[in-house]
Amino acid sequence: MAKSERYQKGAAKMKELFGAEPQPGMMQEDFLNITVENLFGDIWNRPGLELRERSMITVAALTVLARERELKTHLRGALNAGISREKINEIMIHLAHYGGWPVGVNGLRIAREVFDEADKKK
């Protein structure tokens with residue numbers, strides 16, 4: 001079955017951000033299709049914010065919400081989008097003052113894990 005135009009746009013945006021298109025088995029199939037079409041096909045492709053800006057906003061939201069697994073994924077995406085490690089660290093320091101000190105500490109810890117994983121792949 002051919003994928004919709006929205007799905008194709010979303011898959012392309014995911015490849016741009018994460019370096020790979022969505023794969024079957026990433027999550028339940030219907031939920032994956034909804035995520036690719038709605039979130040990445042529609043929302044991440046809206047005008048008004050660039051990819052890097054959306055990535056930083058997403059990293060900030062996931063940090064404050066303590067969504068560690070998703071944060072790791074989006075930190076990898078932020079690095080792929082060209083957001084420097086220094087900026088990511090600065091985001092976490094900034095969030096510590098608005099979301100609470102543990103939020104910043106946890107965000108910095110997770111960022112360090114992602115940076116270390118990236119260094120091992122080099």
Legend entry - Candidate pair V36 and E21, rule side chain to side chain contact (heavy atoms under 4.5 Å, CB included), full reasoning: CA-CA 9 Å; V36 174; E21 291 188 0; over 6 Å; no
Taking C-beta and beyond as the side chain, do [X] and [Y] meet within less than 4.5 Å on heavy atoms?
X: M92; Y: V105; value: no
X: T63; Y: N106; value: no
X: F40; Y: P22; value: no
X: E113; Y: K72; value: yes
X: L51; Y: W44; value: yes
X: L75; Y: F115; value: no

Closest contact, heavy atoms only, [X] versus [Y]:
X: N45; Y: K9; result: ND2-O, 3.6 Å
X: G104; Y: A96; result: CA-CB, 3.8 Å
X: N89; Y: A111; result: OD1-CB, 4.5 Å
X: S4; Y: E37; result: OG-OE2, 2.8 Å
X: V59; Y: H74; result: CG2-O, 3.8 Å

Cluster overlap [X] with [Y], hydrophobic side-chain contacts below 4.5 Å:
X: L71; Y: L17; value: no
X: I83; Y: L49; value: no
X: V64; Y: I88; value: yes
X: L32; Y: I34; value: no
X: Y7; Y: F31; value: yes

Do [X] and [Y] sit within salt-bridge range, that is, some charged N less than 4.0 Å from a carboxylate O?
X: E90; Y: R85; value: no
X: D116; Y: K120; value: no
X: K13; Y: E16; value: yes
X: K121; Y: E117; value: no

Inset, instruction - Taking atom CD of Q28 as the centre, report whether more than 12 heavy atoms of other residues, nucleotides or ligands fall under 6.0 Å from it. - result: yes
Inset, instruction - Establish, from distance only, whether the side-chain atoms of R6 and N38 form a donor-acceptor pair under 3.5 Å. - result: yes
Inset, instruction - Quick one: pull up CD in E50 and CZ in R54 and give me the separation to the nearest 0.5 Å. - result: 9.0 Å
Inset, instruction - Assess whether side chain to side chain contact (heavy atoms under 4.5 Å, CB included) is satisfied between E70 and T73, documenting all intermediate values. - result: CA-CA 5 Å; E70 292 79 9; T73 298; 5.5 Å; no
Inset, instruction - Run the numbers on M14 and M26 for side chain to side chain contact (heavy atoms under 4.5 Å, CB included), then give the verdict. - result: CA-CA 13 Å; M14 290 179 79; M26 289 177 66; 4.2 Å; yes
